Amino acid sequence: MPYDHAKIEPRWQAFWAEHETFKAEVDLAKPKYYVLDMFPYPSGSGLHVGHPEGYTATDIVARYKRMRGFNVLHPMGWDSFGLPAERYAMKTGTHPRERTYECIDNFKRQLAMLGFSYDWSREIATTDPEYYKWTQWIFLQIWGSWYDEEQGRARPIRELPIPAEVEAEGDGAVRAYRDAHRLAYLHEAPVNWCPDLRVVLANEEVAEQVEAGHEVIRVPMRQWMLKITKYAQRLIDDLDDLDWPTSVLEMQRHWIGRSEGAEVVFELANHDEQLRVFTTRPDTLFGATYMVLAPEHPLVGQITVDAQREAVNAYVEATAHRTERDRQAAAAEGQKTGVFTGAHAINPVNDQPIPIWIADYVLMGYGTGAIMAVPGHDVRDHAFATTMGLPIVQVVAPGPEANDGAAVNVEEAAYSELGVAINSGLIDGLASDDAKAKITAWLAEQGKGEARVNYKLRDWLFSRQRYWGEPFPLVHKPLPDGGAEVASVGVDALPVELPEVDDFNPSDSGEPPLAKATAWVELPDGSRRETNTMPQWAGSCWYYLRFCDPRNADAPWSSEAENYWMPVDLYIGGAEHAVLHLLYARFWHKVLFDLGHVSTREPFQKLINQGMVLGATYVPETQAEGPKRIFVADDIEEIGEGQYVHKDTREPLTIQWDKMSKSRGNVVNPDDVIAQYGADTMRLYEMFMGPLEASAPWQPEGVNGCARFLARAYRLLFDSPKDGDDRPRELAAGEGSERQRRLLHRTIAEVSERIERMSFNTAISSLMVFVRDIEKDDERIGRDAAARFSQLLAPFAPHLAEELWRALGHSESLTYEPWPEADPALLVEDTWTLVVQVNGKKRGELEIPSSLDPKQAKDAIVEQAMASEAVARFVGDKTPKRVIYVPGRLVNVVV
RNA sequence: GCCCGGGUGGCGGAAUGGUAGACGCCGGGGACUUAAAAUCCCCUCUCUUCGGGGGUGCGGGUUCGAGUCCCGCCCCGGGCACCA
């Protein structure tokens with residue numbers, strides 16, 4: 001029987017498992033290589049063919065590096081906390097744990113069938129108490145730290161200097177001072193509360209529920225926050241040394257959003273309070289004609305005059321009920337709303353009183369939640385001023401730096417670019433940048449402001465009102481004065497395991513589900529456990545560290561293992577994690593670095609985002625009014641090349657490619673592909689589709705070509721008689737004929753170079769050429785050539801490669817065989833092709849013997865070209881103006 | 001709107017500024033076969049008066065030479081979005 005993947009693949013998978021072929025141990029004598037996949041959330045629907053694209057790529061690199069002599073760490077695990085299991089539990093009553101481990105089993109079965117070289121002895125799941133024990137431990141490190149601005153690093157909270165005046169106020173004040181400085185703190189943060197469902201919704205869930213008719217309001221709730229903002233600058237700076245895609249670097253920089261400007265203090269008329277605003281354009285201060293506070297701003301209640309109170313309250317109330325979506329839709333249309341408070345502020349540069357408004361285009365979460373409005377030079381302020389009839393003043397004119405001489409009418413539109421200051425007192429005539437510097441210095445002198453750097457990045461809202469997450473290892477301890485203190489349960493009490501409950505719904509009052517497990521919440525000493533749980537990000541923030549030492553019972557990892565394996569040399573995963581997962585993991589890593597628990601500043605040295613695998617749906621060629629109709633492969637019939645009709649209605653359809661998703665119905669299950677073609681073919685096709693980073697459609701016809709190639713490779717070494725079992729062919733020793741040797745060594749060189757630059761599709765193309773051409777001259781492949789080929793094939797199609805290797809008489813796996821080296825002497829051909837161009841157009845080519853060295857023998861080569869028929873024909877008796885010679889490539893005669 | 005990618009045959013895609021279309025799919029022709037499948041070989045951008053001409057989203061430019069570099073557009077994908 002010819003190439004039978006169903007027989008070969010399970011056999012080698014069993015062999016690898018039995019021999020623990022891929023088990024990795026710290027070995028200081030060998031260089032290490034840590035290659036990591038973003039571990040998956042084990043969803044109920046299992047893998048689709050999109051998942052294995054990245055996994056295949058890392059597996060190729062892992063196998064290649066092993067053969068290159070590296071000690072390779074290539075682990076896999078499960079990001080297994082998450083909402084779907086909890087939703088499933090509410091619906092069916094099945095405990096999330098049970099459901100989660102079912103799903104893990106299914107994922108693991110599917111991954112095992114693909115023959116990935118994971119060290120399964122290192123498998124971890126974030127839901128395992130032995131794992132989340134250490135997630136809780138890391139949280140305690142963060143909670144137990146403060147950020148020392150002077151040293152620019154986190155330090156243990158016990159090292160926080162307590163000011164004498166705080167000390168004097170007693171224990172309560174000291175405790176409050178410490179709590180305020182911790183990297184994890186409690187804060188009243190606004191959340192999306194849905195009273196109908198009694199749950200807090202993630203931002204992306206809001207639209208869905210509102211559409212379903214549920215009310216969602218922003219209400220403040222006491223939440224755990226992490227001070228990631230303290231790390232904003234380091235999170236930007238340390239991006240410089242990473243080998244990451246530019247798009248991800250850019251997205252991270254924008255997310256952190258550093259901007260330079262000034263903080264300016266405005267005194268209030270008839271009030272003792274001050275108003276602080278952040279601006280990137282202090283040079284436009286003379287053009288500030290009003291101020292705007294966010295509706296949530298704490299000063300709103302105090303400064304509003306009685307006559308305006310009713311209108312202001314109504315506006316504040318309305319804002320709380322407006323969904324993000326509403327506000328965004330209005331913003332997109334440039335609509336501005338707001339209400340005058342009746343109060344005035346004093347512009348510090350000219351002592352003019354200007355009115356204070358509230359409007360929801362000012363966000364409480366950015367800057368100080370208040371702005372000075374300069375309608376002449378800011379489009380948003382301009383739109384607002386126009387709507388409300390507020391004055392517009394021009395204080396910047398186009399100057400030599402930008403738009404010199406352009407006509408500007410700020411009544412019509414804001415001029416938001418740089419220029420020269422006008423109508424601006426002490427900075428008149430200065431270019432915008434100089435004006436900024438001068439006015440900022442002046443403000444500082446007057447005590448009315450200072451230079452300031454601001455970031456978009458907010459502190460990380462770290463608690464969730466869910467059951468299926470890590471419990472916080474904290475308790476609220478009652479104090480004699482009636483208050484409560486937050487205390488650690490102590491490292492010895494870890495893990496704090498989730499209590500068994502049968503109801504996973506939140507309580508009527510909106511308390512998290514854990515609050516109902518009273519036996520767990522209430523401790524003998526009167527303390528109450530924290531009932532929030534951690535977000536799903538928590539487990540994925542440090543799993544790459546646990547992989548270094550996954551069974552360590554005494555510590556999250558040993559410094560020996562961490563020192564040896566870290567950092568991750570290659571990290572591959574989807575672009576959807578470009579911002580949050582990577583930012584959060586980098587943040588935790590830096591805290592751990594500051595506290596001396598890890599040795600590298602950054603966790604992931606090289607990052608690659610694999611592209612999406614697209615699935616097909618079919619849509620009507622002419623889309624009628626009404627809901628969109630889409631059809632899946634089962635509904636359609638192909639009546640001609642690229643022409644499809646609905647199999648019942650005969651309506652013409654066109655094919656449409658989208659990201660694969662269960663809801664679209666365009667997923668392809670790897671189980672089916674493997675059953676038909678085998679894992680090696682599947683892996684090969686995943687890589688052959690195109691560059692790793694690019695998205696590509698899954699076209700089942702294309703899989704054939706890869707299957708054909710493997711069958712050919714199999715036939716090179718196996719004889720399949722009609723009657724009887726396959727048997728290895730008798731092969732002569734050596735690397736075959738001269739031509740075959742050259743082909744082999746060229747293939748070795750090409751495949752090596754292409755794997756190194758992760759161009760797997762072209763590496764596979766080299767292997768295909770080898771198999772196609774090796775027997776062009778009737779001679780069977782040589783034994784040694786076959787061995788080298790098996791090794792080259794091994795990273796891509798490991799099962800077949802092992803089978804071929806064994807057919808050549810080896811009894812061991814080829815996993816650790818040294819990678820073949822190309823003999824440079826055999827890469828030089830007898831002749832090389834010289835292209836002859838006339839005026840840049842190809843007119844002929846010449847075979848030049850390799851005895852004429854392309855670099856040395858320039859004159860002789862050019863002479864031959866000039867004597868060629870092509871030159872004779874296209875140059876004739878014209879005199880060449882110039883002759884360009886590109887060594888080893890071409891001669892271009894310019895006439 | 002802003003920030004990243006990308007646009008090459010019927011399709012997926014190759015191509016350090018130097019022969020555009022490697023490799024594979026689909027399609028066509030042939031060999032083998034009673035036949036089919038499988039396999040093997042050949043052809044497969046386009047026009048052509050068979051000399052050659054044209055062609056990498058569009059329009060310019062740099063260069064002896066541009067898919068590749070520069071400028072201005074168009075289209076597609078991804079991300080962000082009232083961030084002061």
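As a basis for the values below, the full set of heavy atoms in this structure was taken, side chains included, without hydrogen atoms, waters or symmetry mates. Labels below follow one simple rule: chain letters A, B, ... track the order of the sequence lines, proteins then strands, and each chain is numbered from 1. Note that the structure is a prediction, hence the values are computed from the model and not measured.
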Report task. Have a look at A:P691 and say if it touches a base, only the backbone sugar-phosphate, or nothing, with a 4.0 Å heavy-atom cut-off. Result -> sugar-phosphate
Query raised in the report: So what does A:E701 touch, heavy atoms closer than 4.0 Å: a base, only the sugar-phosphate, or nothing?
Result: sugar-phosphate
Requested in this report: Would you indicate what A:S765 reaches in the nucleic acid, counting non-hydrogen atoms under 4.0 angstrom: base, sugar-phosphate, or nothing?
Outcome: base
Query raised in the report: Across all strands, who's sitting opposite B:G24 as a Watson-Crick or G-U wobble pair, both distances under 3.5 Å?
Result: B:C11
Query raised in the report: Starting at the 5' end of RNA chain B, which residue's closest nucleotide do you reach first, A:Y455 or A:Y685?
Result: A:Y685
Query raised in the report: What string of B, S and - do you get for nucleotides 44-53 of chain B, 5' to 3', when a contact is any protein heavy atom under 4.0 Å?
Result: -------SSS
Requested in this report: Report the nucleotide, chosen from B:C25, B:C4, B:A84, that has the shortest atom-to-atom distance to any side-chain atom of A:L363.
Outcome: B:A84
Query raised in the report: Going by the salt bridge (Lys or Arg N to Asp or Glu O under 4.0 Å) test, which pairs reach into residues 705-715 of chain A, not counting sequence neighbours?
Result: none
Report summary line: When rounded to the nearest 0.5 Å, the distance separating NZ of A:K606 from CD1 of A:I572 is 8.5 Å
Query raised in the report: Parallel, tilted or perpendicular for A:Y361 and A:F384, by the 30°/60° rule?
Result: tilted
Query - B:C69 - base-pair partner by Watson-Crick or wobble geometry, distances under 3.5 Å - result: B:G61
Requested in this report: With C1' as the reference atom in both, quote the distance from B:U8 to B:C42 in angstrom, rounded to an integer.
Outcome: 26 Å
Query raised in the report: Taking atom P of B:A20 as reference, at what distance in whole Å does atom CG of A:L890 sit?
Result: 10 Å
Requested in this report: Have a look at B:G9 and give me syn or anti from its glycosidic angle (syn if within 90° of zero).
Outcome: syn
**Report entry** Distance in angstrom units between A:M768 CE and B:G24 C1', rounded
**Finding:** 6 Å
Report task. Enter the distance from A:T229:OG1 to A:Y455:OH here, rounded to the nearest 0.5 Å. Result -> 10.0 Å
Query - B:U16 versus B:C64 - spacing of their P atoms, nearest Å - result: 23 Å
Query raised in the report: For the pair made of NZ in A:K842 and C1' in B:A66, what is the distance, rounded to whole Å?
Result: 18 Å
Query raised in the report: Under a 4.0 Å N-O cut-off, is there an ion pair linking A:R253 with A:D240?
Result: yes
Report summary line: Which of B:C26, B:A15, B:G12 is nearest the side chain of A:T762? It is B:A15
Requested in this report: Write down the distance separating the P atoms in B:G72 and B:C2, rounded off to the nearest Å.
Outcome: 13 Å
Query raised in the report: A:R757 side chain N/O closer than 4.0 Å to the phosphate oxygens (OP1, OP2) of B:U16?
Result: no
Query - Rounded P spacing from B:G10 to B:G61 in Å - result: 28 Å
Query - Complement of B:U39, any strand, by Watson-Crick or G-U distances under 3.5 angstrom - result: B:A31
Report summary line: In this structure, CG of A:N347 is separated from CZ of A:F266 (nearest 0.5 Å) by 5.0 Å
Report task. For B:C23, take OP1 and OP2 only and decide whether either is under 4.0 Å from a side-chain N or O of A:S766. Result -> no
Report task. Using the C1' atoms only, state how far B:G21 lies from B:G67, rounded to an integer number of Å. Result -> 11 Å
Query raised in the report: Between B:U19 atom P and A:E847 atom CD, what is the distance in whole Å?
Result: 15 Å
Requested in this report: Looking only at non-hydrogen atoms, find the nearest pair between A:Y677 and A:A707 and report the distance.
Outcome: CD2-CB, 3.7 Å
Identify the pairs formed between an N or O of the protein and an N or O of nucleotides 61-65 of chain B at a distance under 3.5 Å, and give each distance.
residue	atom	partner	partner atom	Å
B:C64	OP1	A:R882	NH1	2.7
B:C64	O2	A:N892	ND2	2.4

Query raised in the report: Base, sugar-phosphate alone, or nothing: which one does A:V769 contact when heavy atoms must sit under 4.0 Å apart?
Result: sugar-phosphate
Query raised in the report: Expressed in angstrom and rounded to an integer, what is the separation of A:R746 atom CZ from B:A22 atom P?
Result: 15 Å
Query raised in the report: If the C1' atom of B:G13 is compared with that of B:A36, how far apart are they to the nearest Å?
Result: 33 Å
Requested in this report: Check the distance between B:G17's C1' and A:R889's CZ and give it to me in whole angstrom.
Outcome: 11 Å
Query raised in the report: Quick one: is A:R772 getting a side-chain N or O under 4.0 Å of the B:C23 phosphate, OP1 or OP2?
Result: yes
Report summary line: Classified by glycosidic angle (syn within 90° of 0, else anti), B:G51 comes out syn
Query raised in the report: A:L275 has an atom CG; how far is it from atom C1' of B:A84, in whole Å?
Result: 13 Å
**Report entry** Minimum side-chain heavy-atom gap A:V300-A:P295 below 4.5 Å
**Finding:** no
Query raised in the report: Relative to the 5' end of RNA chain B, which residue comes earlier, A:K456 or A:A694, by the nucleotide with the nearest heavy atom?
Result: A:A694
**Report entry** Under-4.0 Å salt bridge between A:R452 and A:E450
**Finding:** no
Query raised in the report: Do side-chain atoms of A:R729 reach the backbone of A:F718 as a donor and acceptor pair under 3.5 angstrom?
Result: yes
Query raised in the report: Which listed nucleotide (B:C3, B:G18, B:G24) is nearest to the side chain of A:V886?
Result: B:G18
Report summary line: Looking only at heavy atoms, the pair that brings A:L457 and A:L583 closest together is CD1-CD2, 3.8 Å
**Report entry** Length of the line joining A:R754:CZ and B:G13:C1', which is rounded to integer Å
**Finding:** 13 Å
Query - Base partner of B:G1, which must satisfy Watson-Crick or wobble distances under 3.5 Å - result: B:C80
**Report entry** Separation of the P atoms in B:U63 and B:U49, to the nearest angstrom
**Finding:** 38 Å
Requested in this report: Compare every heavy atom of A:R843 with every heavy atom of A:A870, then report the nearest pair and how far apart it is.
Outcome: CB-O, 3.3 Å
Report task. First locate atom CH2 of A:W698, then atom OH of A:Y685, and finally report the distance between them rounded to the nearest 0.5 Å. Result -> 6.0 Å
Report task. For the side chain of A:W255, starting at C-beta, report the closest nucleotide among B:C80, B:U39, B:G13. Result -> B:C80
Query raised in the report: When rounded to the nearest Å, what value does the distance between C1' atoms of B:G59 and B:C82 take?
Result: 36 Å
Report task. Ignoring backbone atoms, test whether A:N761 places a side-chain nitrogen or oxygen under 4.0 Å from the OP1 or OP2 oxygen of B:C23. Result -> no
Report summary line: From the candidates B:C82, B:C11, B:A84, the one with an atom nearest any side-chain atom of A:S259 is B:A84
